[in-house]
Structures are given as C-alpha cells and as structure tokens.
Amino acid sequence: MDGAAPPDPPHTATGPDGHAEQPAEEAGRLDALIAERRAKLQRLRARHIEPYPVGVTVTDALADVTARFSDRLEPGEGSGEAASVAGRLVARRGHGKIVFLLLREADAELQVMAQLDVLGAEAMALVADLDVGDWVAATGEVVRSRRGELSVQATAVTLIGKALRPLPDKWHGLRDTETRFRQRYVDLAVNADARRVFTIRARVLAALRGEMTERGYVEVETPMLHPIPGGAAAKPFVTRSHALDMDLYLRIAPELYLKRLVAGGMPRVFEINRVFRNEGISPRHNPEFTMLESYEAYADYTDVMVLVQALVQRAAHEAVATTTVTYGGRAVELGGPWPRRTMLELVREATGRSDLDYDTSIEAVRTLCGEHGIAVEDAWGTGKLVLELYEKLVEHTLWEPTFVTDYPVEVSPLARRHRDDPRVTERFEAIVVGRELANAFSELTDPDDQRARLEAQALAKAAGDEEAMVVDEDYLRAMEFGMPPMGGLGLGVDRLVMLLADVHTIRDVILFPTLRPE
RNA sequence: GGGCCGUUAGCUCAACGGGUAGAGCUCCGGACUUUUAAUCCGGCGGAGCGGGUUCGAGUCCUGCACGGCCUACCA
C-alpha cells in the first residue's frame, strides 16, 4: 500500500513546455520585473562595468543640441560635429543590428542611434541590456536619420544609472493621483504636464522676487519657530524645543516679524516662504503653503493694490507669456486696472438691501443671514455677519480680478481703521476666479489701538475661539518704539501658480503635498 | 471633523444576475541596419488588508487602511 506509488499522478500533467518542477512563485509581476533588471545589473558587474558610476562627462545639454540643429541637416546627413549627452532612456526601438534609444533630459528629447557596425559587438551587447528608465550617456556625431530625426550616431554608450523599477506605461503615463503625489519622481519622469506646472511655479517665484527686488524691497528671513503664534487667525502646529524646554509654534504668518523690521528701519521688506496652518486639508488647502509677504513704509493699501497688480501681471507674463489666461475653460483677464469694490456695497447688491450698513441692528443682519441660509454664532458682531454674507454670497462670484475693500474692524485685528470710517479698516483682498489671492492693508501702527484689538482677540480665544490671536507683548513693545505708516501684503503663491497653470488642486502645484504615510 | 465614492497585472483600462478575471502598453525569448506608441511570432503576470454570508465572493455584508470629491475651518 505504502509502496504503491500512483503510476499516473493526476495533478502533475505538464504541457509541452513542461515547467512542472518550478515551484509556484508567489512573487508578483513587479518582483519579477525587478529581478530581471537585477540580473542585468549582475551581468554588467560580471564584466566589471559599474552601473552607478561617479560623475560622467556630459558636454552638451539635450536641449542645446536640439536647439542648435533644429533647422539644420537633411535626412540622412551628418553634421561632422560631435556631442556628448545624457538623459533618462524613455523609449527604445530595437532592430537587431541597429537600436534607437530616446533620451530625455528635462523636457528635451534626443534620439541616439546605436549601430552594430559603428559601436561593435561588445558595446551592442551592453545596449541590449539597457532598460527604459535607465540613465544613459552617449557620445557621437550629430546626424539626422533617414526619416529626419535628429540623432546622435553613438560611438560610445554608457549606462550611468541603472533603474531597477519599471516606469509606467510610456503612452498612458501615470494617472493615479495618489501615486503621482507620493512618487513625484515618477510623475515628473513620465508626465510632461507635471513638469509644465513646476516650471511655471519656478518662473512665478522668480518673477515675484524680481519685481519685489526691482522695487527696492529687501528679501529677509524671519523665524519659522515662534514662541507665540501670530499674524493670522489660524490653528498652529506645536512643536517642542528640548533646549528651551518649551513649546514652539510653526509660524502661521511672518507678519509680526516683518513689521518689527520696518519699525527697526528697514523701509521695504519681503519674504517668500512657507507658513503652516493646522487646519483642514482640501483641494485648495495644504498644511504648509507658500506666502509672499511684504511691508512698505509710508505706503497705504491703495499703494499695495498697485503692487499686487504689478506682481500678478509680471508673474503671468514670465510664467505663461500672457495676462489673458484660461482657468477651467473660462477666460480671465489679469491685465489692466482691477476694479475696487467695498465689501458693503457688494453685500448690498447681492442681498438687495441697499440700506444695509454697519449700524444696522444686529438682529436685522442675523435675520438677513438666515434668509440666505447662513448659520451664525451668537458671539458674532455685525462686522463678522457682513463678512459671512460676503463670503457666502459674493466671493465665489467674482471671476475677474477684483479688489474687495474696507473689511470690518471686527475681523481685521491687524489693520488700520479706515481714515473716513472707523467701523471698517483700510484692508482689501484681491479676488480672482472667485478665490482670495491676496490680503493686504494699511497696517495698524497705533500701539494702543493694537493692544485693545489683541486683548479683544485674547478674550475670544479664552471663550473658545481656537484661531483667535494672543497678545504678543514684544510686538506691542516694537510698536511703542514707533512705527511709520505702512502698507502690508500677503499673497498666496500656490494659488497664483494654480491660476496661471490652470490646475484645480493645490496638490498639483506643491511638489510633495502633505499626505498620510502609506 | 461629517457625508458620498473609489481601490482589479508594473502602467492605463475592461468584463460578469455571485460560478476559476480580459486587453493594450511594459517585460522575457526569437526575427529584423533608419525607427518614431516600430513591426512580426511566441511567452510570463492580477482582485488593498481582515472578518462574515454562501456549496461557491473581485462581485453581497462588515471592520480597517489609503485616496478622491463634497462639506466645515481656512489661504
């Protein structure tokens, strides 16, 4: 019985290929692809070829070669000029004794021809082991192929960085949003649109810095770690200093430090850098985002309006070469002077209550909010209620650039009271495509008024408003030393990039947006 | 934070009233000295994680994870 081996095992029938001995590999497809490339790596090392060499000599940027020969050479013609280029191998077309390699460096692409009778058998064997995704250098004459493609007729092809993982589909690219954000290196490698957006971002930053610098503003760097969070109404991130044995806050705005600098005698300062707000994450909100803030002595908010227009228009010119941009299929004209509208008149128009004013009884304004389905809180004064009406009814309707001016004092604790109306401040927000792009005011420079406003904020905080400000005694001391009048600005750089790049989520303009770990 | 939706091969996408999941690209082997998503022949590869219902679950229920959208807060 125990010796009666079944003569005809029913489950081991093998096909003509007969791989019955192979244990069922549980490793997935990806592991197999990686194993394949590792095998190539081993073959190279066995031939004493280093797949991760130290720096290589590359004399020509791909973009320079393509530009230099863009309108030269007939199909099949050689230039007699040599080039030494490098890039990522993004496509290969093998024909046995000739192999076409497409290299990409940034947005430039150039074909390399690897030909048996030019390179020799040994080098061709190396070319045969190249994979899409590898970093490759090539040297040779710049020629135009018979079909007219500018090419390097390689006399040497060198692997300069082996890729062990496969790149996504060459045609469909990478679409999965999560992978695009988590593995931005892959997104940038295969999606031209990702490169386009971040090129725009770089140009916007350069344009903003250029305009500010030319206008005589000095770029400064103020603390990211604040003992007291201030300068905006937002929940901060808290961190811990072991050396000081105290909590510190990642800044929610650089505002109060920049104003200290103006008090100290720097009449025009600006800073472009990250701020951090511990609030919700959404297609338009990332916990860390980039702000341009600037302060100019002797200026008021009307001067800042001129500055904002100049900044946005210059950024548009330098990033996308026009001030007429398209956002979500709809045109926006960023050029020309932007209209100025007070918040009150916009709310009057939207509600049809031409008699509405900051003196209107609070009950009447609450009722008005109720009529428009706006939930209100008991602690809100008339100013906050009017702001709610504006934000819910008006802001999203302002497509073309608009300066919305004269915000209520109640919601503007750092802005100077309006010279003609103490109930409102000399503050504006620049609204474009229904979204706030910038916030600015004639800064409050009266230390007594400032103290009163901060103390009101402190009361609100004590009452449970997590975003209310706290009293910053050192900032008040700086004010007491005397401040010149000044105009201040905060401009959301990410949103400006979104506008100019025509993208609709902030994660598309931030290289590594905040995500939960995988 | 709340609601809704999603997760199928390395990538991009399918299919089915619950019955052993298909394609293109990639990849591997072969042919090919001018391709352009090269082509031709052949081949490999898969249900986010965990429970449950069921004779049988990728499909139904449920928990978790991650993501997307809306909403709230905000910029």
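Chain letters run A, B, ... following the sequence lines, proteins first and then strands; every chain starts at 1. Remember, it's a predicted structure, so these values are computed and weren't measured experimentally.
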Where does RNA chain B pair, written as one dot-bracket string 5' to 3', with Watson-Crick or G-U pairs under 3.5 Å, ( ) inside the strand, [ ] for crossing pairs and | for another strand? (((((((..((((.....[..)))).(((((.......)))))....(((((..]....))))))))))))....
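Nearest to the side chain of A/Glu149, among B/A38, B/C73, B/U36, sits B/U36. Comparing B/A75, B/C25, B/A72 by their nearest atom to the side chain of A/Lys170 picks out B/C25. Listed nucleotides: B/G68, B/C69, B/U36. Nearest to the side chain of A/Thr177: B/G68. Relative to the side chain of A/Arg507, the nucleotides B/A75, B/G68, B/C70 differ in distance, and B/G68 lies closest. When distances are taken from the side chain of A/Ile98 to each of B/C70, B/C73, B/U33, the shortest belongs to B/U33.
Distances shorter than 4.0 Å separate some side-chain N or O of A/Arg277 from OP1 or OP2 on B/A75. Taking only side-chain nitrogens and oxygens, A/Arg516 comes nearer than 4.0 Å to OP1 or OP2 of B/C66.
Just one residue in the list A/Asp508, A/Asp176, A/Leu511 forms a side chain to side chain contact (heavy atoms under 4.5 Å, CB included) with A/Phe181, and that residue is A/Asp508.
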Could you list, one pair per line, each protein nitrogen or oxygen that sits under 3.5 Å from a nitrogen or oxygen of nucleotides 12-14 of chain B, together with the distance?
| from | atom 1 | to | atom 2 | distance (Å) |
| --- | --- | --- | --- | --- |
| B/U12 | OP1 | A/Arg175 | N | 2.9 |
| B/U12 | OP1 | A/Asp176 | N | 2.9 |
| B/U12 | O3' | A/Arg175 | NH1 | 3.2 |
| B/C13 | OP1 | A/Arg175 | NH1 | 3.4 |

Pairs under 3.5 Å (N/O, protein and nucleotides 27-31 of chain B):
| from | atom 1 | to | atom 2 | distance (Å) |
| --- | --- | --- | --- | --- |
| B/C27 | O2 | A/Arg29 | NH2 | 3.4 |
| B/C28 | OP1 | A/Lys40 | NZ | 2.4 |

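For CD of A/Glu77, the number of neighbouring non-hydrogen atoms (other residues, nucleotides, ligands) closer than 6.0 Å is greater than 12. Applying the 6.0 Å contact sphere to CZ of A/Arg47 captures more than 12 heavy atoms from other residues, nucleotides or ligands.
Sorted by first and then second residue, the pairs that involve residues 391-401 of chain A and meet salt bridge (charged side-chain N to carboxylate O under 4.0 Å, His left out), not counting sequence neighbours, are A/Glu388-A/Lys392. Applying the salt bridge (charged side-chain N to carboxylate O under 4.0 Å, His left out) test to every pair with at least one member in residues 99-110 of chain A, sequence neighbours left out, gives these pairs: A/Arg104-A/Glu109, A/Asp107-A/Arg195.
A gap of 47 Å separates the C1' atoms of B/A75 and B/G22, to the nearest Å. Atom name C1', nucleotides B/G2 and B/C44: the rounded distance is 47 Å, in whole Å.
Judged by the 6.0 Å and 45° rule, A/Arg427 forms a cation-pi pair with A/Tyr407.
Shown here are the side-chain hydrogen bond (donor to acceptor under 3.5 Å, both in side chains) partners of A/Arg38, two or more places apart in sequence or in another chain: there are none.
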